Enquirer: 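Structure in structure tokens, see below.
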Amino acid sequence: MKFTVHTPDGRFVTLGDTEVATRARVAGGTARGHAATVNGRPSVIAWSEEGTPVSLLAFIVADGSITEITAVIDPARLALMTLPDPV
């Protein structure tokens, strides 16, 4: 499994099921998001109270299992993305 995080400081990649599960649990526990589809991928988007996207988690699923997670927490990158309206 692969977990890629895009931050203002760059891109960080974690490989391995256990390592990815640990990172995803930590990341998932800090934000509340809403399910969405972004670029055809199942995703979760967290929004600020002002309606600005705070984070995006996008998943690649194969044979019923998550094989890759991409997280975007870089505000500049999020601002350039076409995302659904806040819920």
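Predicted, not measured: the structure shown is a model, and the values here were computed from it.
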Enquirer: Could you walk me through whether Thr52 and Glu50 pass side-chain hydrogen bond (donor to acceptor under 3.5 Å, both in side chains), step by step?
Expert: CA-CA 6 Å; Thr52 303; Glu50 296 79 29; 5.4 Å; no
Enquirer: Should Met81 and Trp47 be counted in the same cluster of Ile, Leu, Val, Met, Phe, Trp and Tyr side chains packed under 4.5 Å apart?
Expert: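 Yes, same cluster.
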Enquirer: Under 4.5 Å between side-chain heavy atoms, counting indirect links through other Ile/Leu/Val/Met/Phe/Trp/Tyr residues: same cluster for Val44 and Val61 or not?
Expert: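 In one cluster with Val44: Val61, yes.
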Enquirer: If we ignore hydrogens and angles and just use 3.5 Å, is the side chain of Thr37 paired with the main-chain N or O of Gly40 as donor and acceptor?
Expert: no
Enquirer: State the OG1-CG distance between Thr70 and Leu56, to the nearest 0.5 angstrom.
Expert: 8.5 Å
Enquirer: Return the minimal non-hydrogen interatomic distance between Leu78 and Ser55, and the atom names on each side.
Expert: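 Closest heavy-atom pair between Leu78 and Ser55: CD1-N, 3.9 Å.
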Enquirer: Verify the neighbour count for atom CZ of Arg77: are there more than 12 heavy atoms of other residues, nucleotides or ligands below 6.0 Å?
Expert: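 For Arg77, atom CZ is not crowded (no more than 12 foreign heavy atoms under 6.0 Å).
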Enquirer: Over all heavy atoms of both residues, which pair between Ile66 and Met1 is shortest? Give the atoms and the distance, please.
Expert: O-CE, 2.9 Å
Enquirer: Considering all heavy atoms of both residues, which atom of Gly51 and which atom of Pro86 are nearest to each other, and what is their separation?
Expert: O-CG, 3.7 Å
Enquirer: Heavy atoms only: give me the nearest Ala71-Phe3 pair and the separation to one decimal.
Expert: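 Closest pair (atom of Ala71, atom of Phe3, distance): CB-CE1, 3.9 Å.
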Enquirer: For a 4.5 angstrom cut-off between non-hydrogen side-chain atoms, does Arg41 reach Val38?
Expert: no
Enquirer: Mind checking whether Val54 and Leu83 sit in one hydrophobic cluster, side chains of I, L, V, M, F, W, Y counted as touching below 4.5 Å?
Expert: no
